[in-house]
Amino acid sequence: MSVHSMSARSDAEVAARVDALIAGMTVAEKAGQLTQYFYFDIPSPDQPGGGNTGGAEAPGPGFAGQGNTVEAALARGEVGSLLFVTDPAQANRLQRLAIEGNRHGIPVLFGFDVIHGLRTIFPVPIAMAASWDPGVIERGQAVAAREARAVGIHWAFAPMVDIARDPRWGRIVEGAGEDPYLGAAVAAAQVRGFQGDDPGSPGRVISGPKHFAGYGAALGGRDYDEVNLSDSELWNVYLPPFKAAVDAGAGNIMTAYMDLNGVPATGNHWLLTEILRGTWGFGGFLVSDAQAVHNLRTHGFAADLTDAGARALGAGVDMEMAIGDPAYAHLPEAIAAGLADEAALDACVRRVLAAKVRMGLLDQPYVDEDQAREVLADPAHRAAAREAAQRSAVLLRNEGGLLPLADAGSIAVIGPLADSRRDILGPWVFDFDLDETVTVLDGIRNRAGQGAEVRYAPGIRPAQRVFPSMFDMFANNAPAEPAAFDDTAELARAVTLAHESDVAVVVLGEWQNMIGEAASRSRLELPGEQLALLQAVVATGTPVVLLVMNGRPLDLRWAAEHVPAILDIWYPGTQGGAAVADLLFGDVAPGGKLPFSWPRTVGQVPLVYSHTISHEPANQGRRYWDEESTPLYPFGHGLSYGRFEYRALTLDRDRIQAGETVTASVTVTNTGERAGDEVAQLYIHQRHGTASRPVRELKGFQRFTLAPGESRTLEFPLGPGELRYWNAAARDWVIDATTIDVFAGGDSAAELTASFTITG
Ligand code: NOJ
């Protein structure tokens, strides 16, 4: 389904309105429509609803005076879109400038990084993926879309569908992890959530999957660095989530910053035009990442800004996202010099104008400020965020059934992250409300109620980045140094508290400015003194529940041996603390599963479950002499309060022809004493063929709840979509004549197996 066919407005109506607009436009006006500027208007959490910088105090280098420049360009009618405006009154003011500024009265599109919520913050995307629940993911982005549209945003720069296999890369937190099958399902669910059946309908926005393509494979995990991917990896691993997003009707795609196999992604005609538009039939518009067109020059690709604009346009980039000095401002020059083609310019302008028409902007460019307030205050949004946080958590370990906690008693809550309103929200949020954010400590206090004694000690001061984050310029972003903090006394206080309590809940992880864009790391240890704090608390002999607040796997080797219960809560959002308490006390059972293989140590990365088999496969776990080369926790791992047994894996046929479908069924029983949630997973392995295939590949999953003693039989179809793969030798999709092993279970190490044959 394309955006085209989904739109409430007919193609003919859209074309007629676009034709009428474009007919009278000059080349400079057209170039303006293809230019998007940052405009900073971030209500600071200290001044809810306020904080308009007007550009004068715009944050950070490169943004100084941005507001004035942008307003001048708006007044000249040379702006197609703005990003970072989230205040409805401000959006209306700027929209008026835009409309009055151009002879054609063309409104601007407002775009924004609506990554995991606008006011109501949901768990970070990697957490949402860990729910393995497309329904909860779709509902989450529908709430985000509703809040965004209410304040005047038309377009979300989301989802990030980049596969991430190297947790040193900070942006692993924004995606769905290492697997293309899970990644494709999560991508499609998010696009549906943002856009519904029609992004132009009320409460919906255009979805812009990003960053096309391969950005997650940055060399050394260093953000923005070059990417070199084999043909097989590109097609079999990195492109499928984008294809799924396009098939789900995404109205926009954002290009990537880096070089892909030696050519900048933003100047890559093969990628943007031949594959995306040609092979896949993408009908929406393409935007560059911020300053990525301009940067074609710094890449040593384009000679100057005129060349950069001409080559991005030629490659297929419809709109330039500009921090300053747009290359697309040079398009008139490029066309006059014969470097760029006016027909190509027109095609881009048509796509951008078509998006505006479809969003209803020409009929209703302004936003209702009263309605915005109502929508943002909707309690149903908080309820959805709480459910999402419950379903995202992954129970990594639960020795002796320490969880769920018995109701009463005394609880020590320990660690600076346990009571940090800003950190529990995670990165990539700007419009949050700290007053309504529930920390882990708040959540436990509220839930434990009168009978229990809940006491708190941070134990240590927050850790800090060695190099600051570019996001630290926003209010409340960098962890605050506590005033007058006596390290020795505070550690002793935390230890005493643990000693005096029935259970210690220790919250450790990364501060939210340590993960996200430009937040790559060279190590995976818990930053600062956190491991020492954990060890001191465990040494008291009080049972410890470790809650991990993170967006990437961290080195938990010590904890995995010495801490009985480990629950990965990620950055669970506005309602995070409430959801964590629901899980700790067993009001709901955890059921999330890891969307990546959890390495033991940074030296193992990249580490994926779907590696191919080579020499000495029996020694796969001993590829290093100094450490096991297996993961600490496998891809797909996650426990619940029930216990699940898999049996009777059967196939409805033992032989099919290429192109046919076989259906696998398996029965799962909860043999535990409590209800629980499980995600059943189906993997395949191709025994032989015209290329080597991975030892395991995910090809199906289903999440469900079972009462104690209850069973369920699940079916998983395996058809051409699951059995084909991109063959680098044939440079095409193939289904081999072969034998396929099928595995079913609760993680990627599943042992229950059956097999079938594919004949040629
Ligand atoms: C750069 C990031 O790479 C991209 O993901 C984001 O959407 C833009 N900046 C706009 O903030």
Side-chain angles (χ1 to χ4, degrees), residues 35-42 58-63 66 70 80-86 109-118 124-126 141 144 148 153-164 169-176 187 190 194 205-218 222-225 227 241-242 245 250-260 264-266 285-295 298-299 317 319-324 326 426-431 469-474 477 513 515-520 551:
T35 307
Q36 180 186 49
Y37 289 92
F38 278 79
Y39 189 96
F40 279 103
D41 173 37
I42 302 157
F63 295 106
Q66 179 77 349
V70 174
S81 174
L82 293 175
L83 71 149
F84 261 85
V85 178
T86 60
L109 269 176
F110 288 102
F112 191 54
D113 289 290
V114 186
I115 309 300
H116 53 115
L118 186 83
V124 288
I126 192 77
Q141 295 302 33
I153 294 164
H154 309 111
W155 162 23
F157 308 135
M160 189 194 92
V161 303
D162 295 309
I163 293 291
W169 189 56
R171 303 196 79 170
I172 186 174
V173 66
E174 292 175 57
Q190 294 196 74
F194 283 120
V205 296
I206 298 169
S207 166
K210 64 192 186 184
H211 307 81
F212 198 60
Y215 181 42
R222 294 179 296 270
D223 206 4
Y224 315 134
D225 275 6
V227 167
F242 284 100
N252 170 259
I253 297 276
M254 186 187 292
T255 67
Y257 274 131
M258 75 306 144
D259 290 315
L260 174 64
T266 302
F285 67 106
L286 257 163
V287 69
S288 76
D289 201 341
Q291 208 69 347
V293 175
H294 188 110
N295 286 353
T298 45
H299 276 261
V317 178
M319 184 179 275
E320 176 184 13
M321 184 189 289
I323 294 179
W428 274 122
V429 293
F430 305 94
D431 253 346
S469 159
M470 64 177 174
F471 294 101
D472 290 350
M473 61 196 178
F474 297 103
N477 229 62
N513 74 340
I515 187 91
E517 187 180 349
S520 293

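For ligands, and for the atoms within them, numbers begin at 1 and follow the listed sequence. Predicted model, so just to flag it, every value in this text is computed and none were measured. Heads up: numbering here begins at 1 and tracks the sequence.
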Original post:
Judged by atom type as modelled, is there a donor-acceptor pair below 3.5 Å linking the side chain of Gln190 to the main-chain atoms of Pro159?
Top reply: no

**OP:** With heavy atoms of Phe84 as the reference, note each atom of ligand 1 found under 4.0 Å away.
**Re:** 11 (O)

Subject >> Contacting atoms of ligand 1, where contact means under 4.0 angstrom from a heavy atom of Lys210 >> reply: 4 (C), 5 (O), 6 (C), 7 (O)

Original post:
Do any heavy atoms of Met321 fall under 4.0 Å from ligand 1?
Top reply: yes

Original post:
Which atoms of ligand 1 are found less than 4.0 Å from any heavy atom of Tyr257?
Top reply: 1 (C), 3 (O)

**OP:** For Glu320, enumerate each residue passing the side-chain hydrogen bond (donor to acceptor under 3.5 Å, both in side chains) test, keeping only those at least two apart in sequence or located in another chain.
**Re:** none

Original post:
For Val161, does its backbone N or O pair with a side-chain atom of His211 as donor and acceptor, under 3.5 Å?
Top reply: no

**OP:** For atom 10 (C) of ligand 1, find the nearest protein heavy atom and state the residue, atom name and distance (0.1 Å precision).
**Re:** Asp113 OD2, 3.1 Å

Original post:
Mind checking whether Glu174 has a heavy atom under 4.0 Å from ligand 1?
Top reply: no

Original post:
Which protein non-hydrogen atom lies closest to atom 8 (C) of ligand 1, naming both residue and atom, and how far is it?
Top reply: Asp289 OD1, 3.4 Å

**OP:** Identify which one of Thr255, Asn252, Asp113 satisfies the side chain to side chain donor-acceptor pair (under 3.5 Å) criterion when paired with Lys210.
**Re:** Asp113

Original post:
Can you find an N/O atom of Trp428 closer than 3.5 Å to an N/O atom of ligand 1?
Top reply: no

Subject >> ligand 1-proximal atoms of Arg171, by part, heavy-atom distance under 4.0 Å >> reply: side chain

**OP:** Using a 4.5 Å cut-off on heavy atoms from C-beta on, say whether the side chain of Phe242 contacts that of Phe212.
**Re:** yes

**OP:** Please could you name the atoms of ligand 1 that Leu83 approaches to less than 4.0 Å, counting only its heavy atoms?
**Re:** 10 (C)

Subject >> Considering all heavy atoms, the nearest Phe157-Gly111 contact >> reply: CZ-C, 3.6 Å

Original post:
When Tyr215 is tested against each of Asp289, Asp162, Asp223 for side chain to side chain donor-acceptor pair (under 3.5 Å), which residue passes?
Top reply: Asp223

Subject >> Heavy-atom nearest neighbour in the protein, as seen from atom 5 (O) of ligand 1, with distance rounded to 0.1 Å >> reply: His211 NE2, 2.6 Å

Original post:
Quick one: are the ring centres of Tyr224 and Trp169 less than 6.0 Å apart?
Top reply: no

